[in-house]
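Note that these values count all heavy atoms, side chains included, but never hydrogens, waters or copies made by symmetry. Here is how names work: the chains are called A, B, and so on, in the same order as the sequence lines, proteins then strands, and each is numbered from 1.
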Number of protein chains: 2
Amino acid sequence: MDIFTTMQEERGRLSQSEIRIADIVLNDFEFAVNASIIELAGKADVSPPTVTRFCRRLGCESFSDFKVQLARTAYVGMRYLKPEPKSIAPADVAQDIITKAQNALFLLHRGLDVAAIERAANRLAGAEMIYAFGSGGNSSMIATELQNRLFRLGLRITASSDHSMQLMMAAAAKPTDVLIGSSFSGRNAELVRAFALAREAKVPTIALTQSESPVAHAAEITLPVDLPEGDNIYRPTSTRIAYLAVVDILASLVAYRIQPQATVTLRRIKQQLVTHRDGDDRQLLGD
Amino acid sequence: MDIFTTMQEERGRLSQSEIRIADIVLNDFEFAVNASIIELAGKADVSPPTVTRFCRRLGCESFSDFKVQLARTAYVGMRYLKPEPKSIAPADVAQDIITKAQNALFLLHRGLDVAAIERAANRLAGAEMIYAFGSGGNSSMIATELQNRLFRLGLRITASSDHSMQLMMAAAAKPTDVLIGSSFSGRNAELVRAFALAREAKVPTIALTQSESPVAHAAEITLPVDLPEGDNIYRPTSTRIAYLAVVDILASLVAYRIQPQATVTLRRIKQQLVTHRDGDDRQLLGD
DNA sequence: CCGCCATGATTTAAATTCTTTTCATAATTT
DNA sequence: AAATTATGAAAAGAATTTAAATCATGGCGG
């Protein structure tokens, strides 16, 4: 686990002085990362050994180890993210977008409910038919992506971004099928209705959405993607990258479920495709 | 700039001993990040002062500063990536996918041709009509995404994943239009043909693809996305995330070109949409 | 309710380890 | 061969850690 999470989790169990140290580090790690143990101790009004003990308690070998851990995580993650790039110069815009995307992935990983993903993967792997729903530019892309990834594994799946179709399909689904839906906002009322219909008919339902949202409550299994609002509002792409990563994880897990020896087999198949890349097999790889 | 790039750029100007140090750091920074100056010096068969001098030459204050810089960048970036996850346990698969995605973004940023992106953005901003082409699950998604992002800015754009349509559209395009195409492999022969047709008619062409590939050579402006093969073959998603980031950068730059005061305006518009999220405006945000 | 003891937190001081500077020597270039 | 550069040894100087001592806090018996 990363040092920031540890620090926040342990905070309750720390002593007065240690809490002071933790707060300084959390508030200003640009300082913390560059400071010596004496400087840090001075700023926290404690003695150097207290700082060392603090580091040990957090599972680090030593103070310098702590700094390395800190620097490692600070690259992305807790970095302060401005809502807008520094300037509209191409280099700044690029940096801004890349950093935000990396950050979204970092935060996603942090809040990932691995157990839920596993349950979802098991459901998908055993489904007779899968319905993937999502609307609006973003979620419809996720639905398409699910179809794109899962049909290759030999699963039966259809994606739809059409609300009316979604409702009809949900009504037609059977308990041996699975309905999986995506909503970035978590407030897609039609998707909620489709989930409700499906659950009445005992069809397993999976939602990719914000936790504690209407869509999340409507589904049986929720795969929560909770990113700070800033990311959502001003630039949907970094959020979408997080969703894509979830789909990727899900699809990979399903692949492993379906064919236990998939690792070797898949590699051989793909190696073949690459060798013949100039031939007609190209599409299978997916350009 | 990050310390790895600096190290590679400076490599030619370094002395024998310093090159040995650099190579050890580049090959095994898990070691380098945790080692003391004495350990590192020992492994490189040099004296500690040489290591200090090496760090200074790379623009660091001191050895510890060097280690911090290193840890900062090593979180993603040069990290050694196994082609397969450690195990097929959900947590390992998730970690593997997230790390690879972050890595792809890091490498993309590294190799990004900002000037080319800027030229492309200028072309797109001034186009009377834009044709976005891409085939196969991945590139067709990129084309759709381009349409999704650019139509919101008031640009006229159509996306197509149909080879025949692409050829006809390329033939019909005018010099005031722009053709933009994506190919992950860089070997999409039909796309090359479309580019050739367009260039005959003096239509500006932009390619999102591997540099030095047939598609790259066929276009006037190439936005290179060069990721190590491993990423491409076994899991297309991390590569796609890199492509999506390029689209995002491109679209943002175009937005700034079209409306200089876009920053403030866009924010206001979106704030409005968020306030009314429960109403019917939802689709505009793109769920 | 008070005071003593025990526990744990914290600091001071000492020792150790690590890093850097200085200076001398070797290698290389001009 | 002289000058320049690179390197290492030794020493000086920091920084870090360990160990011992002090302080505070809370519990428990009188």
Q: What pairs with A/Ala207 under side-chain contact (heavy atoms from CB on, under 4.5 Å), at least two apart in sequence or on another chain?
A: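 side-chain contact (heavy atoms from CB on, under 4.5 Å) check on A/Ala207 returns A/Phe195, A/Thr209, A/Val215, A/Ala219.
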Q: List the residues meeting side-chain hydrogen bond (donor to acceptor under 3.5 Å, both in side chains) with A/Asp226, not counting sequence neighbours, and say none if there are none.
A: A/Ser211
Q: Going 5' to 3' through nucleotides 7-23 of chain C, assign each nucleotide B (protein heavy atom under 4.0 Å from a base atom), S (under 4.0 Å only from sugar-phosphate atoms) or - (no protein heavy atom that close).
A: ---BBB------BBB--
Q: Rounded to the nearest angstrom, tell me the gap between atom CD1 in B/Ile19 and atom C1' in D/dA6.
A: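 From B/Ile19 CD1 to D/dA6 C1': 13 Å.
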Q: Identify every side-chain donor-acceptor pair in residues 40-48 of chain A under 3.5 Å, counting partners at least two apart or on other chains, and give the distances.
A:
unit_1  : atom_1 : unit_2  : atom_2 : d
A/Ser47 : OG     : A/Thr50 : OG1    : 3.1

Q: Going by the rule side-chain hydrogen bond (donor to acceptor under 3.5 Å, both in side chains), which residues pair with A/Asp113 if we only count those two or more places apart in sequence or in a different chain?
A: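 side-chain hydrogen bond (donor to acceptor under 3.5 Å, both in side chains) list for A/Asp113, sorted by chain: empty.
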Q: Sequence neighbours left out, what passes side-chain contact (heavy atoms from CB on, under 4.5 Å) with B/Glu39? Give chain and number order.
A: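 B/Phe31, B/Ala35, B/Ser36.
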Q: For A/Phe54 and D/dT16, what is the distance between atoms CZ and C1' respectively, to the nearest whole Å?
A: 17 Å
